[in-house]
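Here the structure is laid out as structure tokens; the discussion comes afterwards.
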2 protein chains.
Amino acid sequence: MKNINIWLDQIQNDYKAAVSVDCVIFGYDDQNLKILLSKCDMPPFENQFSLLGDIVHPNETTDEAAYRVLVERTGISNIYLEQVQAFSAPNRHPLGRVITISYYSLIQIDQTFLDHVAAHPDLILKSVNEVHTLAFDHKLIMDTCLTKLQKNLREHPLGFKLLPSRFTLLQLQNLYESVLGITLDKRNFRRKMNTLGILKESGEIESDVPHRPAKYYYFDETAYHDRVELGFSFGF
Amino acid sequence: MKNINIWLDQIQNDYKAAVSVDCVIFGYDDQNLKILLSKCDMPPFENQFSLLGDIVHPNETTDEAAYRVLVERTGISNIYLEQVQAFSAPNRHPLGRVITISYYSLIQIDQTFLDHVAAHPDLILKSVNEVHTLAFDHKLIMDTCLTKLQKNLREHPLGFKLLPSRFTLLQLQNLYESVLGITLDKRNFRRKMNTLGILKESGEIESDVPHRPAKYYYFDETAYHDRVELGFSFGF
DNA sequence: GCAAAAGTGTTCGCTCTACACCCATGG
DNA sequence: CCATGGGTGTAGAGCGAACACTTTTGC
């Protein structure tokens, strides 16, 4: 163990770094996986987009900082948030040493959210597969978070967090297909959801659709928690 | 996007934090999962044990810092290392704000390593299941890393990194049983390893054992990489 | 009546599980 | 000869994959 005075000295002096959080905010619009970005005005990245982030304040955890960024920038509270990993290349930030802790979060793209984005010209919602370059190392962060989202989506019932509280089975299937980049068999998918027992019919059905109306389902949290103890996997 | 001057100000002044790495170093001694710890001399944790860690230097990544700690403290290079997550409770360190990035690593407990530990009185090797309390929030970090190790062990061929380069199938099975806390069927386990095709016989066998000598196997890295493309799981 | 999505069962192959005995060696 | 772990095969169950047609609605 290193001498305490060396520690004290390093902690209080030039071994300090700025620590930030960066949030990869995913949404889904019944077509594509989207990401919420911000216009960047910092040289040399002017006119590029960046993730939503901020420096971590002295009296908050990184989780709290990420949550604060989400609430401040999106107006939404009660957001699903998951820490992904730290990025710490010494030259990743033009203003000096900034180590960032990345998070991804899942939001529902509803009209309120779209209005919020429209009212804030610095915000933009892009399709993930159309994002080819971002400020800083944010493209790398986005890709890392996307990979982690895909993995978690196969192992945990997260898809619901990207959908409205009531949704049809086709919406849910399309979501998995589009985020995971796979195709699924309709009958197998529906049987799977059925046997998992974590969805309940809401009793409502679609209206004004030019085809047979679909039933609306919702995610049954308590049934899920009963199941999760014995291991859980979607199996695709 | 926040004004650049605010950023600059915060980065350069009191929003800075010390950033450290903490390494959960796992080993396996043919009996139990072990962890390498260090005696702690920092109040109020005197006479407790802590993880091996250090502050991150200005010109290195956290990966590099973790690797540096491992080489400096264990004498081993070429160690498997995986970032787990950041811990950032504002009061987690008595000397001030220290955000830590945790890593776990897997080492082989051979005679060289045991000699190294014996030669350094500040180091101690303990059975993971006998560690009930550690300095700082290191018990929480250890538990988090153990959970992640168990998950990764089921999904990736990591077990080999805890064993000598040549090992018997029983050694391997015992490792999985003891780290995952499960029991496995001998025949099914052997068939599984066989069909995965990632083990090769070395041609050598045990000697001086009071029973039929076992074959030594080694992990066939290239066969694994051929397989891994199509998804990989041990299925237990 | 037509376009468009909803909804529904069966078969096949693979994988996991459970289970018991003989073999080779050292002492 | 005995104790110890090494090493082997088979049968049953459950799960994922493949696959096609009828139903309901709006226009």
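In the text below, chain A, chain B and the rest are named by the order of the sequence lines, each starting its count at 1. All of these numbers come straight from a predicted model, not from anything done at the bench.
- Computed from coordinates, the B:N174 CG to D:dT4 P distance equals 16 Å when rounded to whole Å.
- Both B:D185 and B:T168 lie close to DNA chain D; mapped to their nearest nucleotides by heavy-atom distance, the more 5′-ward contact belongs to B:T168.
- With a 4.5 Å cut-off on side-chain heavy atoms, B:L52 and B:L70 do not count as touching.
- When only modelled atom types and interatomic distance are considered, B:R191 and B:N194 share no side-chain donor-acceptor pair under 3.5 Å.
- In terms of position along DNA chain C, the nucleotide closest to A:P210 lies nearer the 5' end than the nucleotide closest to the other residue of the pair A:Y217 and A:P210.
- Of the candidates C:dC19, C:dG26, D:dC19, the closest approach to any side-chain atom of B:N188 belongs to C:dC19.
- No donor-acceptor pair closer than 3.5 Å links the side chain of A:S127 to the backbone N or O of A:N129.
- For B:D208 and C:dG27, the CG to C1' distance is 12 Å, given to the nearest whole Å.
- Ring to ring, A:Y67 and A:Y103 are not that close: their centroids are 6.0 angstrom or more apart.
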Within the sub-3.5 Å range, which N or O atoms of nucleotides 20-22 of chain D have a protein N or O partner, and how far apart are they?
{"unit_1": "D:dA20", "atom_1": "N1", "unit_2": "A:R187", "atom_2": "NH1", "d": "3.3"}

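- Counting to the nearest Å, the C1' atom of D:dG6 and the CG atom of B:N194 are 14 Å from each other.
- Atom C1' of nucleotide C:dC16 and atom CG of B:L196 are separated by 13 Å, given to the nearest angstrom.
- The existence of a salt bridge linking A:E82 and A:K161 is excluded, since no basic side-chain nitrogen approaches an acidic carboxylate oxygen closer than 4.0 Å.
- What separates CD of A:E206 from C1' of C:dG7 is a distance of 13 Å, to the nearest Å.
- Comparing atom distances between the A:K215 side chain and each of C:dT17, D:dT24, C:dG7 picks out C:dG7 as nearest.
- Exactly one residue among B:L149, B:L81, B:I79 makes a side-chain contact (heavy atoms from CB on, under 4.5 Å) with B:L106. That residue is B:L149.
- The side chain of A:H211 lies closest to D:dT25 when the candidates are C:dG9, C:dT25, D:dT25.
- Considering only the side chain of A:L170, C:dA5 comes nearest among D:dA17, C:dA5, D:dG5.
- When distances are taken from the side chain of B:A214 to each of D:dG7, C:dT8, C:dT10, the shortest belongs to D:dG7.
- Here the C1' atom of nucleotide D:dG9 and the CZ atom of B:R191 are 8 Å apart, to the nearest Å.
- The interatomic distance linking B:I205 (CD1) with C:dC23 (C1') rounds to 13 Å, in whole Å.
- Put simply, CZ on B:F189 is 12 Å from P on D:dG6, counting in whole angstrom units.
- Applying the ring pair (Phe, Tyr, Trp, His ring centres under 6.0 Å) rule to B:F45 yields the partners B:F136; only residues at least two apart in sequence or on another chain are considered.
- Among the nucleotides C:dG7, C:dC16, D:dG16, the one closest to the side chain of A:K192 is D:dG16.
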